Amino acid sequence: MKYAYYPGCSLKGTGRSYEESLLPVFKALGAELNELKDWNCCGATAYMSVDEGKAAALVGRNLALAEMQGGDLVAPCAACYLTLTKTQKRMEEYPEVHGNVTRGLTASGLKYEGKVKVRHPLDVLINDIGLEAIAKKVVKPLKGLKVAPYYGCQIVRPYATFDSQDNPVTMDKLLKVVGADVVDYPLKTKCCGGSLTGTMPEVGVSLVHGLLHEARRRGADIIATVCPLCQFNLDAFQDQASKKYEKSNMPVVYLTQLLGLAMGISVKELGLHRGIVPVEPVLAQRELTHV
Amino acid sequence: MRKIVQTIKFEGDVDPTFKDWIEGVPGGEKLHSCIQCGTCSAACPVSLYMDYTPRRLMHLSREGFRDEALGSLMLWLCTSCYACTVECPRQIKVTEILYTLKRRAISEGVYPSGFPVPVLAKYFYMMVRATGRMSEMWLVSLVFLRTNIFKALAMSGLGLNLLKTGRMPLKPDMISDRAGFRRYLDAASPEKKEAGG
């Protein structure tokens, strides 16, 4: 299985441990990820607030590059995944949006015929690789580790088709197959505050607190996420939430880091040492630390 | 003494073209079918901090309260989580309508002054236009220096944490042909004077 891989800006910066864990896990499962050559930023939510035509064009260029490279396009970042799927939908629905992209591409000698399939890693793990194949690779089951599966907003809303918008379960299934205890987490698709943690901390940090509080109340040792902004907010703003609301010491890691751990990949290789709230005490307590 | 302000408008005070303009922008077409049920406001994780909740903003926009809608704080509190859009029983793309209003507020310069969110959007826009990619650390530094130096100092603890964990590359990431990239963007949609200015 070969895929084009669109890391996006966060996976090269604050979310680098997402990439560090995604690549070896996919490799071990026989899925080849080839980074999209010369990709550009997806525009996230900010570009749509300034220029709609250029926001579509940003995505259009990446789609054209992906079509040229071949294979489904894997987008692990929630914002990237959303802008890609949303722009595809808008190009079909609105001729003016299609026109923006086509004008840009034509002027640059590129083309896009609409053939790229955008995939989230959860979708690939469940539907292409499959739970059985993953189970076979488990050498160190995450026995006793209580995990709150946190999906965030933009993976399932509004356009994802691989999981439920109200109660997604793909991450729950993956965690169970590697032996973790999945705690019931009703806030699994609630917003982490996005960039409000930095711009309007009085609002953003309150959302972070709510999510941490509920995970703790449900008995979770750790929160697993598949979005770099969710991970960043819950991890990096946890000290501010602790100061303002209640003390919190909840490691927040990527799902791929936990899968890798169960598959025997080392803590360091998976970037598990990059948490601002350290994960090591929880892993030691559950006897999951290995080389 | 409290200031007396006019809180209710005469029909002649509103902009009767505002609704049609919104409905003409991709995503806005169903604004007229809002039944004011408030599902959007209930689904919204930040409506409790807003000056106008999503339901109220839909109504204001439809009735032509242009200045209130464009100048509202709520536009800049929306995190684009799409809960309202998914839950709306009339299939109104509330999030897209808010984007339409944000773009107009930025292009007319009528967003609330000193509010960091539109400043972030503009710097983000400029940075991606210049380099093709977004460097989180430079973006955040610019916005904080521009809007509130004291917050920038409070954030430095965070910056230190990110440096220590190797999560803050200092060198901005860029695509190869940046001039060609700008030509591409301008061919797709001509550069507006106000945008990013």
Side-chain angles (χ1 to χ4, degrees), chain A residues 9-10 12-17 38-41 43-54 56-58 60-61 82 90 93-94 96-97 100-101 103-108 110 153-154 157-158 165 189-191 193-196 198-203 207 236-237 239 273-276, chain B residues 25-27 45-46 49 76-77 79-83 85-86 93 95 99-100 102-103 106 115-118 120-122 124-125 128-129 132-137 140 143-144 147 151 155 157-158 161-162 164-169 173 175-177 180-181 183-185 187-189 192 195-196:
Chain A
C9 306
S10 293
K12 300 292 180 185
T14 52
R16 63 186 288 188
S17 56
D38 212 32
W39 57 269
N40 57 265
C41 170
T45 54
Y47 236 74
M48 268 299 271
S49 312
V50 181
D51 188 321
E52 178 196 17
K54 286 197 179 75
L58 283 179
R61 182 176 176 274
L82 171 80
R90 282 170 68 88
E93 223 172 312
Y94 304 106
E96 53 266 61
V97 179
N100 286 128
V101 176
R103 274 196 303 280
L105 292 176
T106 311
S108 309
L110 291 164
C153 358
Q154 297 193 339
R157 283 195 302 267
Q165 287 179 340
T189 66
K190 283 283 175 216
C191 176
S195 54
L196 289 179
T199 49
M200 295 274 110
E202 53 276 54
V203 180
L207 298 183
F237 289 91
D239 60 342
H273 59 295
R274 295 197 195 280
I276 290 168
Chain B
V25 179
V46 287
Y49 293 99
W76 309 106
L77 284 171
T79 60
S80 304
C81 81
Y82 293 86
T85 299
V86 166
K93 294 174 181 164
T95 315
Y99 274 127
T100 299
K102 285 183 232 192
R103 285 194 295 273
I106 283 190
F115 215 60
V117 187
L120 175 86
K122 291 210 296 187
F124 191 110
Y125 176 91
V128 174
R129 183 175 168 78
R133 290 190 190 169
M134 187 265 295
S135 158
E136 294 157 320
M137 139 138 180
V140 168
V143 173
F144 284 108
T147 51
K151 273 189 189 166
M155 293 285 284
L158 173 62
N161 279 336
L162 291 172
K164 273 195 290 200
T165 50
R167 291 165 64 176
M168 197 154 81
D173 205 8
I175 61 166
S176 58
D177 177 13
F181 180 67
R183 280 197 300 277
Y184 165 78
L185 289 176
S189 163
K192 298 178 190 93

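Treat the numbers as computed from the prediction; the structure is a model and nothing was measured. Every chain is numbered from 1 and lettered A, B, ... according to where its sequence line falls, protein lines coming before strand lines. Heavy-atom basis, side chains included; hydrogens, waters and symmetry copies ignored.
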Grab the two heavy atoms, one from B:Ala188 and one from A:Asn100, that are nearest each other, plus how far apart they are.
-> O-ND2, 2.9 Å

Could you tell me which portion of A:Val203 (side chain, backbone, both or neither) has an atom closer than 4.5 angstrom to a non-hydrogen atom of chain B?
-> both

Against chain B, work out which of A:Leu82, A:Asp239, A:Val97 has the most heavy-atom pairs shorter than 4.5 Å and name it.
-> A:Leu82

Could you go step by step and tell me if A:Asn40 and B:Val128 meet the side-chain contact (heavy atoms from CB on, under 4.5 Å) rule?
-> CA-CA 8 Å; A:Asn40 57 265; B:Val128 174; 5.9 Å; no

Quick one: what part of B:Lys93 sits under 4.5 Å from any heavy atom of chain A, side chain, backbone, both or neither?
-> side chain

Is the shortest heavy-atom distance from the side chain of A:Arg157 to the side chain of B:Cys81 under 4.5 Å?
-> yes

Applying a strict 4.5 Å limit to non-hydrogen atoms, the region of B:Met168 in contact with chain A is neither

Measure the shortest side-chain to side-chain distance between A:Met48 and B:Thr95 over non-hydrogen atoms and say whether it is less than 4.5 angstrom.
-> no

With chain B, which of A:Ala44, A:Gly60, A:Gly15, A:Cys191 has the greatest number of heavy-atom pairs at distances under 4.5 Å?
-> A:Cys191

Against chain A, label B:Tyr49 side chain, backbone, both or neither, depending on which of its atoms sit under 4.5 Å from a heavy atom there.
-> side chain

Heavy-atom check, side chain of A:Thr199 versus side chain of B:Trp76, under 4.5 Å | no

Give a yes or no answer on whether the side chain of B:Arg167 reaches the backbone of A:Arg274 with a donor-acceptor pair at less than 3.5 Å.
-> yes

Residue among A:Glu52, A:Arg16, A:Lys190 with most heavy-atom pairs under 4.5 Å to chain B | A:Glu52

Who among B:Ala187, B:Gly27, B:Pro26, B:Pro169 has the most heavy-atom pairs with chain A under 4.5 Å?
-> B:Pro26

Which atoms of B:Pro45 approach chain A - backbone, side chain, both or neither, heavy atom under 4.5 Å | both

Is the closest side-chain heavy-atom distance between A:Phe237 and B:Leu158 below 4.5 Å?
-> yes

Would you say the side-chain atoms of B:Glu136 pair up with the backbone N or O of A:Thr14, donor to acceptor, closer than 3.5 Å?
-> yes

List in chain and number order the residues that pass side-chain contact (heavy atoms from CB on, under 4.5 Å) with B:Thr100, two or more places apart in sequence or in another chain; answer none if no residue qualifies.
-> B:Trp21, B:Val25, B:Arg103

Does any donor atom in the side chain of B:Ser176 or A:Asp38 lie under 3.5 Å from an acceptor atom in the other side chain?
-> yes

For A:Gln154, is it the side chain, the backbone, both, or neither that has a heavy atom closer than 4.5 Å to a heavy atom of chain B?
-> side chain

Is the closest side-chain heavy-atom distance between B:Leu185 and A:Leu58 below 4.5 Å?
-> yes

Output the option from A:Leu207, A:Leu105, A:Val101 having the highest count of non-hydrogen pairs under 4.5 Å with chain B.
-> A:Leu105

Side chains of A:Lys12 and B:Arg133 in contact at under 4.5 Å (non-hydrogen atoms) = no

Counting heavy-atom pairs under 4.5 Å to chain A, which of B:Val46, B:Asp177, B:Leu77 comes out on top?
-> B:Leu77

Determine the option with the most heavy-atom pairs under 4.5 angstrom with chain B, choosing from A:Ala107, A:Ser10, A:Gly193, A:Ala56.
-> A:Ser10

Kindly compute the distance separating CZ (B:Phe124) from OG (A:Ser195), expressed to the nearest 0.5 Å.
-> 9.5 Å

Applying a strict 4.5 Å limit to non-hydrogen atoms, the region of A:Leu196 in contact with chain B is side chain

Do side-chain atoms of B:Tyr99 reach the backbone of A:Ser49 as a donor and acceptor pair under 3.5 angstrom?
-> no

Begin from the C-alpha positions of B:Ile175 and A:Arg61 and carry the test side-chain contact (heavy atoms from CB on, under 4.5 Å) through to its verdict.
-> CA-CA 12 Å; B:Ile175 61 166; A:Arg61 182 176 176 274; 4.2 Å; yes

Backbone N or O of A:Ala57 within a donor-acceptor pair of the B:Tyr184 side chain at under 3.5 Å?
-> yes

Verify side-chain contact (heavy atoms from CB on, under 4.5 Å) between A:Thr45 and B:Thr79, making sure each step is shown before the conclusion.
-> CA-CA 8 Å; A:Thr45 54; B:Thr79 60; over 6 Å; no

